[in-house]
Asker: 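Here's a structure for you.
FYI, the numbering just counts along the sequence from 1. Remember, it's 1-based here, ligands and their atoms both numbered in the order they're listed. Predicted, not measured: the structure shown is a model, and the values here were computed from it.
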Amino acid sequence: MPVAALHRPGRADSLPALRHIPKFSEVTRAMSAALSLDDWKTRAETLSFRSQAFINGRYVDSASGKTFECVNPATGRVLTKVAAGDKEDVDRAAKAARAAFEKGRWSRMAPAQRKKRLQKFADLIDKHATELALLETLDMGKPIRDSSAIDIPLSAGCIRWYGEAIDKIYDEVAPTGPETVAMIRREPVGVVGAVVPWNFPLLMASWKIGPVLAAGNSLIVKPAEQSPLTVIRIAELAAEADIPEGVFNVVPGFGETAGQAIGRHMDIDGVTFTGSGEVGKLFLRYSGESNMKRVSLECGGKTPNIVLADAPDLDAAATAAAWGIFFNQGEVCNAGSRLIVEAPVKDAILEKVMEVGKKLQPGDPLDPKTRMGAIVDETQMQRILGYIEHGKKEGAKLRMGGGRVKPANANGYFVEPTVFDEVDNKMKIAQEEIFGPVLSAITVKTPEEAVKVGNDTIYGLAAAVWTRDISKAFKISRELRAGVVWVNSFDAGDITTPFGGFKQSGFGRDKSLHALEKYSELKTVWINVGK
Ligand code: NAP
Ligand code: MG
């Protein structure tokens, strides 16, 4: 997701300025930034967890009474036990969501009213930003610095942005003849299920929550099993913001149970999914085998970051390349995992990437100085280490990192920033999404070869090109098959631009006004007005 614009080239050690974040969260963020490691630890000890499902405006246990353990990946310790939702819970949530929708409690509320409540919801997220940032870091392992400065403020900002937008969007009147009035109206789809991943738990959920609710739908969110706590917690903030009961529901649980139940439910009208391609394809099948619900998929990537010999600033390109793969422990769908470099500048670029990488050694996520935290769980860590071993066996040259580390006072799952040189694009480490801090550098001889290699992937989420030649930049940006192409930048963007992929990175776009298209039906009303 485009947040590394926050990590501007050449400023690896300073917390960069955030854009598009209202003043209120500036205050909260400043408060968070002022807290020391000891302050965060003390807060963590006294933190309480919401751990039930939220259905029809109330926290409830799962129908089966079952729970699952929610683990802090920095320590391996259990934080709390969370309700394990399944078919029955999804069904209860779907009934509540349908009832709210049919009664028009939200779906027929004036957009200006929905706006006010979404703004209040966003304000409440900001008000509780410190607590939510702590929950996110404990649950998922990302640095507290990032959850305070990025995840929580951007989540609130996203919900606020859609709230602000919704009373400024007009329907259409078609240019028919004088005897008719044909209106083209946007109506909410109905009940939408959002199934989201663990890498930006609240932010990826917010990219759904904002436009789904703004468009007047009822919503059921299933957070990832590794990181459900922030989404569960904000459910009561939605209620406090007077979002009516049944409109915003959360069913935590496993993918194969709760996730599948959402996908196959006969009375859920749409699913918006972010996660792996493998599970994305399952949602297409669920839809086909149930009620043909509309599905939108934001799946993985293997982003080519192309640095040509005429890049305007090699230092900037290399610093952005390092952040582009090491930010969020590399657990980023558009991570710049393939660095495709023209031969004359390869050594200079790699040296600088490694210089930045060395400063980003993993540390205790609760320490405000830490820039790389823990990998989300042991399974994911083993997966990353497995890819690293595979890369070595395939003949790629390991230039930096490559192993598990255990920072002081943090016994969990940490992987070093890792750089492979002399990678062939056919190797597994260049083709498969590793979702960890592992960079594959591929050397090419010409810009044409760079584009060919860049496009030689099943994915098409994002791409970047660094060149000072405007014609080359324009031509290459057209040739790269990806939902976003950055020129002389990496991972830049804000809520105003759409985000999503070509090819097996999915379809449908999050962010921007275009996201509303996924959650609205077009209805033509053809009125015969006579002569
Ligand atoms: P994942 O395994 O596909 O899981 C995503 C969500 O789907 C989770 O809530 C998961 O639940 C659920 N799920 C798993 N198996 C399911 C099944 N059989 N039926 C229904 N739902 C199921 O992905 P992840 O490991 O959480 O996240 C990493 C992936 O997300 C990467 O591929 C990454 O590229 C992608 N991602 C994409 C974007 C984007 O915008 N394009 C953004 C972020 C991440 P459980 O957690 O309970 O298994
Ligand atoms: Mg967890």
Asker: Using heavy-atom distances, let me know which of V279, T274, V195 sits nearest atom 5 (C) of ligand 1.
Answerer: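 Comparing heavy atoms across V279, T274, V195, the nearest one to atom 5 (C) of ligand 1 lies in T274.
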Asker: For G253, take its heavy atoms, then give the atoms of ligand 1 lying under 4.0 Å from any of them.
Answerer: 47 (O)
Asker: For S276 and ligand 1, does the shortest N/O to N/O distance drop below 3.5 Å?
Answerer: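 For ligand 1, there is an N or O atom that lies under 3.5 Å from one belonging to S276.
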Asker: Is ligand 1 under 4.0 Å from a heavy atom in the side chain of I262, in the backbone, in both, or in neither?
Answerer: neither
Asker: Within a distance under 4.0 Å of any heavy atom of A224, pick out the atoms of ligand 1 and give their elements.
Answerer: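 Those of ligand 1 that fall under 4.0 Å from A224 are 9 (O), 46 (O).
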Asker: Please work out whether any backbone atom (N, CA, C, O) or any side-chain heavy atom from C-beta onward of E433 is under 4.0 Å from ligand 1, and answer side chain, backbone, both or neither.
Answerer: side chain
Asker: At a non-hydrogen distance cut-off of under 4.0 Å, which region of M204 contacts ligand 1 (side chain, backbone, both, or neither)?
Answerer: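 Just the side chain.
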Asker: Show me which atoms of ligand 1 lie under 4.0 Å from any heavy atom of Q226.
Answerer: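 Once the distances to Q226 are compared, the set is 46 (O).
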Asker: State, without any angle test, whether S512 and T497 hold a side-chain donor-acceptor pair at a distance under 3.5 Å.
Answerer: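 Their side chains do not contain a donor-acceptor pair, so the 3.5 Å distance test is not met.
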Asker: Do F490 and W466 have ring centroids that are under 6.0 Å from one another?
Answerer: no
Asker: Looking at the Mg ion (ligand 2), is there an N, O or S atom belonging to V71 that lies under 2.8 Å away from it?
Answerer: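 An N, O or S atom of V71 is closer than 2.8 Å to the Mg ion (ligand 2), so yes.
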Asker: Tell me yes or no: between the side chains of Q380 and Y413, is some donor less than 3.5 Å from an acceptor?
Answerer: no
Asker: What do you get for the angle at the Mg ion (ligand 2) between O on Q226 and OD1 on D139, to the nearest 10 degrees?
Answerer: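 Rounding to the nearest 10 degrees gives 80°.
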Asker: Give the atom numbers and elements of ligand 1 that come within less than 4.0 Å of a heavy atom of N199.
Answerer: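 Those qualifying, in numeric order: 43 (C), 44 (C).
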Asker: Just let me know how F499 lines up against ligand 1, side chain, backbone, both or neither, with a heavy-atom cut-off below 4.0 Å.
Answerer: side chain
Asker: Would you tell me whether T274 and K208 have side-chain atoms, one donor and one acceptor, within less than 3.5 Å of each other?
Answerer: yes
Asker: Using a strict cut-off of 4.0 Å, indicate which atoms of ligand 1 neighbour a heavy atom of C299.
Answerer: 37 (C), 38 (C), 39 (C), 41 (N)
Asker: Let me confirm one number: the CD1-CG distance from I375 to L385, rounded to the nearest 0.5 Å.
Answerer: 8.5 Å
Asker: Looking only at distances, please establish whether an N/O atom of ligand 1 is found under 3.5 Å from an N/O atom of Y286.
Answerer: yes
Asker: Does any N, O or S atom in D377 come within less than 2.8 Å of the Mg ion (ligand 2)?
Answerer: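 It does not: D377 brings no N, O or S atom closer than 2.8 Å to the Mg ion (ligand 2).
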Asker: Any idea which atoms of ligand 1 are less than 4.0 Å away from a heavy-atom of P197?
Answerer: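 With P197 as reference, the close atoms of ligand 1 come out as 26 (O), 27 (O), 43 (C), 44 (C).
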Asker: Would you kindly specify which portion of N334 sits under 4.0 Å from ligand 1, judged on non-hydrogen atoms: side chain, backbone, both or neither?
Answerer: neither
Asker: Return a yes/no value for V196: is any of its N or O atoms, backbone included, closer than 3.5 angstrom to an N or O of ligand 1?
Answerer: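 Yes, there is a polar N/O contact under 3.5 Å.
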Asker: Could you walk me through whether V250 and K222 pass the side chain to side chain contact (heavy atoms under 4.5 Å, CB included) test, one step at a time?
Answerer: CA-CA 6 Å; V250 179; K222 193 207 85 66; over 6 Å; no
Asker: Could you check whether R338 and N305, counting side-chain N and O atoms only, form a donor-acceptor pair closer than 3.5 Å?
Answerer: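 Side chains of N305 and R338: no pair found under 3.5 Å.
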Asker: What is the distance from atom CZ of R43 to atom CG of L135, rounded to the nearest 0.5 Å?
Answerer: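 Reported value, rounded in 0.5 Å steps: 12.5 Å.
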Asker: Can you see whether Q504 engages K281 through a side-chain donor-acceptor pair at a distance of less than 3.5 angstrom?
Answerer: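 Note: Q504 and K281 side chains meet the donor-acceptor criterion.
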Asker: Whether the Y519 and S296 side chains hold a donor-acceptor pair (N or O, under 3.5 Å, no angle test) is what I'd like checked.
Answerer: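 Looking only at side-chain atoms, S296 and Y519 do not form any donor-acceptor pair under 3.5 Å.
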Asker: Considering only heavy atoms of E225, which atoms of ligand 1 have at least one such atom less than 4.0 Å away?
Answerer: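 With E225 as reference, the close atoms of ligand 1 come out as 45 (P), 46 (O), 47 (O), 48 (O).
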Asker: Compute the centroid of each ring, for F54 and then for F248, and state whether the two points are separated by less than 6.0 Å.
Answerer: no
Asker: With respect to D269, which candidate in R294, K293, R98 satisfies the salt bridge (Lys or Arg N to Asp or Glu O under 4.0 Å) definition?
Answerer: R98
Asker: List the steps, then state whether side chain to side chain contact (heavy atoms under 4.5 Å, CB included) holds for K406 with R404.
Answerer: CA-CA 7 Å; K406 290 203 172 175; R404 179 180 184 178; 3.6 Å; yes
Asker: Using a strict cut-off of 4.0 Å, indicate which atoms of ligand 1 neighbour a heavy atom of F283.
Answerer: 20 (C), 21 (N)
Asker: Look at atom 45 (P) of ligand 1 and find which of G255, P252, P201 reaches it with the closest heavy atom.
Answerer: G255
